Amino acid sequence: MTNKELSTLFATIADLLEIKGEVIYKILAYRRASQTLAEHGRAVSDVWKEGKLRDIPGVGQAIAEKIDELLSTGKLNFFEKLKTEVPVTLAEVLAVQDVGPKKASLFWKQLNITTVAELEKAARGGKLRDLPGLGEKSEAKIILGIEAKKRSSGRVPLGVAWPVAQELVKFLRALPGVRVAESAGSLRRMKATIGDLDFLVASDQAEPVMAAFVTHPLVARVLGHGPTKSSVELTNGLQADLRVLPPDRFGTLLQYFTGSKDHNVKLRELALDKGLSLSEHAFTRKNGQEILCANETEVYKVLGLPYIPPEMREDRGELQAAARNGLPRLIDVKDLQSDLHAHTTWSDGKLSVREMTLAARTRGLKCLAITDHSQSLGVANGLTIDRLRAQRREIDAAQADLGAGFSLLQGAEVEIRADGQLDYDDAILEDLDIVVASLHTSLRQERDKITARLLKAIESRHVDIIGHPTGRLLPDREGADLDMDAVLRAAADSGVALEINANPERLDLDDVYARRALELGCLLAINTDAHHSDHFDLAHFGVGTARRAWATADNIINTWPTEKLLHWLDERGHRRVRRPAPIEVAPPAPPPAPLTMPARPVAQPKPKPSTTRAKASKPKPSSSSARPPKSKTKKAR
DNA sequence: GCCGTTTTCGGCCCGACTGTTTTCAGTCG
């Protein structure tokens, strides 16, 4: 069983126990275990083989025994018995807004309702309103909840939620009386997928802000509307919540609603140790006296801690690290010096080499690797060897125009074929400045086979970076079934960098694997996989993922100064990296012309060595994809 | 069910909003 399958099973157990009426702390324990199993960087089955299940946070004797039984026999008697006591389909009923364990249990026991379909039929038939504690309004809300559930498709990729959040924050900031407006929640923590949006406002006049929010054109339905809190469903199906408090309470408010829940629980325990109660309003002493915090730094300071960046707030050791003053200095988007994975019209990109280069340079980058697809990826117009050579001439010409301040590399995103062979032969690979190797096809091979395939690529002395290692696409396509620990160890051994693909549809490696990779000593690269100039602006999503993995700039090869990066590529030794030419050879070169928007691939006469690296040419690559986000949302439990 | 340099037993975060409630339960975050 995979970590995710184990996690899902324990979450279902928690749901069924809750409907059954089990004590809340037992339920919370299963939920906690479900979460830590899902977020564990190693395969739980490997941990199990080592007999170290109880080293996993939230896994004690009882849950360890259940995991052991599951992995040994493929079944769990406890769960089988539980399913005879509570219909397993009731867990899905819990996913309907406004239906919790008490109502689910009531529907089941009073009306024999065990599925969402049965619930809808009963609600529409007016059968719910006469149940104790319910009325017509409750019944109507449940119908709305079922309809909302049908519209939504689960969590939304960060890249889909982000622009919506930006628009609403901008709207809130422009309202009269609003001092500060921020988005919080998992979006602020840069989680790869978002369950809902949280907005927080500092203002002395909450009600006009509330009124403006619930009537915004993006709002499809108002779920709740109180004096300091409102909830709405947006036209795209996302739920959005707004809280408003006075400015002198904004620190505790922002901290609280940024989460994560687990981080907050730990924080409040720390507060209690100091005789303080912490809520979104303030710290409160036992005598009722409040300590107000206008910003988050003050909140952490009251607890004797340094500021903890939002991306780290997952209760994954950040509070312990903060307590010993051992928080890493996380990478920042401004640290990025290069992008080592980008496409042009030579394969499936939308802009020319020069256009992409100009876009990268405009954004402050110092180095760009053009990595078009290799030959076998026909659907992406992968480059034949002849075309790769022609592209080299164009890249060299562009480099000559650019002068010393910018390095343009010819690379390739080389397909790792189904048998593990790379899509160009060694001689071609050697002649490239940089090689990104990626899986795009046959992603559903069985674990041993696809792991071996990736290991073969990592062990090739011609590969510098593994692109989007698992091949996942958010929100719905799972990554390949890889033995990730084996992959990460091999990458650490061979010095191959693993990509955090910044496209919000990928964010691959994810935060959990990226953190494990760093623990094992891997190098990482944050690349946009840009197919258009706009895609360079997605880099911050990759940086957010790296920050969630506790990455510092020195762990990431494209934060390195260009000289260091080129030296690293030299050291990897398997291709003819052209160093800046000796000065005496340089003929009176034309002054570095400002790069202008050029036309097509143009064949160019022999390149001259220019200050950065120019190059001869060769082969071609193929394959990959960038697609626009899609998506939906719903209630996340 | 988990966890512990204050505990191997006794804790385990705190508040807003809604609806059907005459004082609070359920749900959510």
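Note that the structure is predicted; figures quoted are calculated from it, not measured.
- Legend: residues meeting side chain to side chain contact (heavy atoms under 4.5 Å, CB included) with A:I143, ordered by chain and number and at least two apart, are A:A123, A:R124, A:E147.
- In this structure, A:K66 forms no cation-pi arrangement with A:F10, as its terminal cationic atom is not both closer than 6.0 Å to the ring centre and no more than 45° off the ring axis.
- With rounding to whole Å, A:R189 atom CZ is found 13 Å from B:dG29 atom P.
- Put simply, CG on A:D262 is 13 Å from C1' on B:dC2, counting in whole angstrom units.
- Distances shown here put every side-chain N or O of A:Q239 at or beyond 4.0 Å from the OP1 or OP2 atom of B:dC28.
- Protein atom NZ of A:K266 is 11 Å distant from nucleotide atom C1' of B:dC2, rounded to whole Å.
- With sequence neighbours excluded, no residue satisfies side chain to side chain contact (heavy atoms under 4.5 Å, CB included) with A:K261.
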What does the list of N/O pairs under 3.5 Å between the protein and nucleotides 3-7 of chain B look like, with a distance for each?
from: B:dC3; atom 1: OP1; to: A:G58; atom 2: N; distance (Å): 2.8

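- Counting only N and O atoms by type, the side chains of A:N3 and A:E39 include no donor and acceptor under 3.5 Å apart.
- In summary, the side chains of A:E318 and A:H263 do present a donor paired with an acceptor at a separation below 3.5 Å, with no hydrogens or angles considered.
- Taking A:S203 as the reference, A:V201, A:Q205, A:V209, A:V244 meet the side chain to side chain contact (heavy atoms under 4.5 Å, CB included) condition, with sequence neighbours excluded.
- If you take atom P in B:dC17 and the same atom in B:dC12, they sit 26 Å apart, rounded to whole Å.
- We find that CG of A:L272 is positioned 11 Å from C1' of B:dG11, with the value rounded to whole Å.
- As judged by a 4.0 angstrom heavy-atom cut-off over every strand, A:L278 is placed among residues touching the sugar-phosphate backbone only.
- Among the atoms of the strands shown, only primed sugar atoms or phosphate atoms (P, OP1, OP2) are found under 4.0 Å from some heavy atom of A:D198.
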Per-nucleotide protein contact string for nucleotides 15-22 of chain B, where B marks a base within reach and S marks sugar-phosphate only (heavy atoms under 4.0 Å, - for neither): SSSSSS--

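- Residue A:K103 places its side chain closer to B:dG26 than to any other of B:dC12, B:dG1, B:dG26.
- To the nearest whole angstrom, the two P atoms, one in B:dG15 and one in B:dT22, are 25 Å apart.
- Side chains of A:D511 and A:T545: a donor-acceptor N/O pair is absent below 3.5 angstrom, by distance only.
- Partner assigned to B:dC3 is B:dG10, using Watson-Crick or G-U wobble distances below 3.5 angstrom.
- Nearest nucleotide to the side chain of A:F257, out of B:dC2, B:dG29, B:dT27: B:dG29.
- In summary, A:E136 and A:R129 engage in a salt bridge, as defined by a charged side-chain N under 4.0 Å from a carboxylate O.
- Rounded to a whole Å, the CD atom of A:Q97 is 9 Å from the C1' atom of B:dT27.
- In this structure, A:L94 atom CG and B:dG26 atom C1' are separated by 13 Å, rounded to whole Å.
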Side-chain polar contacts of residues 210-227 of chain A - donor-acceptor pairs under 3.5 angstrom, sequence neighbours left out - could you list them?
from: A:T215; atom 1: OG1; to: A:A211; atom 2: O; distance (Å): 2.8
from: A:T215; atom 1: OG1; to: A:A212; atom 2: O; distance (Å): 3.2
from: A:H216; atom 1: ND1; to: A:L218; atom 2: N; distance (Å): 2.9
from: A:R221; atom 1: NE; to: A:E233; atom 2: OE1; distance (Å): 3.1
from: A:R221; atom 1: NH2; to: A:E233; atom 2: OE1; distance (Å): 3.0

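- Residue A:L28 is classed as having no contact, given no heavy-atom separation below 4.0 Å to the nucleic acid.
- Side-chain N or O atoms of A:S260 include one that pairs as donor or acceptor with a backbone N or O of A:R313 at under 3.5 Å.
- Residue ring and nucleobase are stacked for A:Y25 and B:dC12, with a centre distance beneath 5.5 angstrom and an angle between planes beneath 30°.
- Taking atom C1' on both B:dG10 and B:dT6, the two are 14 Å apart, rounded to the nearest angstrom.
- Backbone-only engagement by A:K66 is indicated by non-hydrogen atom pairs under 4.0 Å involving sugar-phosphate atoms exclusively.
- Comparing the P positions of B:dT8 and B:dC14 gives an interatomic distance of 23 Å, to the nearest angstrom.
- Annotation: B:dC28 and B:dT23 have their P atoms spaced 26 Å apart (nearest Å).
- For the residue pair A:S277/A:T284, the side-chain donor-acceptor check at 3.5 Å is not satisfied.
- Between B:dT7 and B:dG11, the distance separating the two C1' atoms is 9 Å to the nearest Å.
- Straight-line distance between the P atoms of B:dT21 and B:dG26: roughly 13 Å, to the nearest whole Å.
- In this entry the distance linking CG of A:L242 with P of B:dG29 reads 15 Å, nearest Å.
- Distance, A:E22 CD to B:dG1 P: 7 Å, rounded to whole Å.
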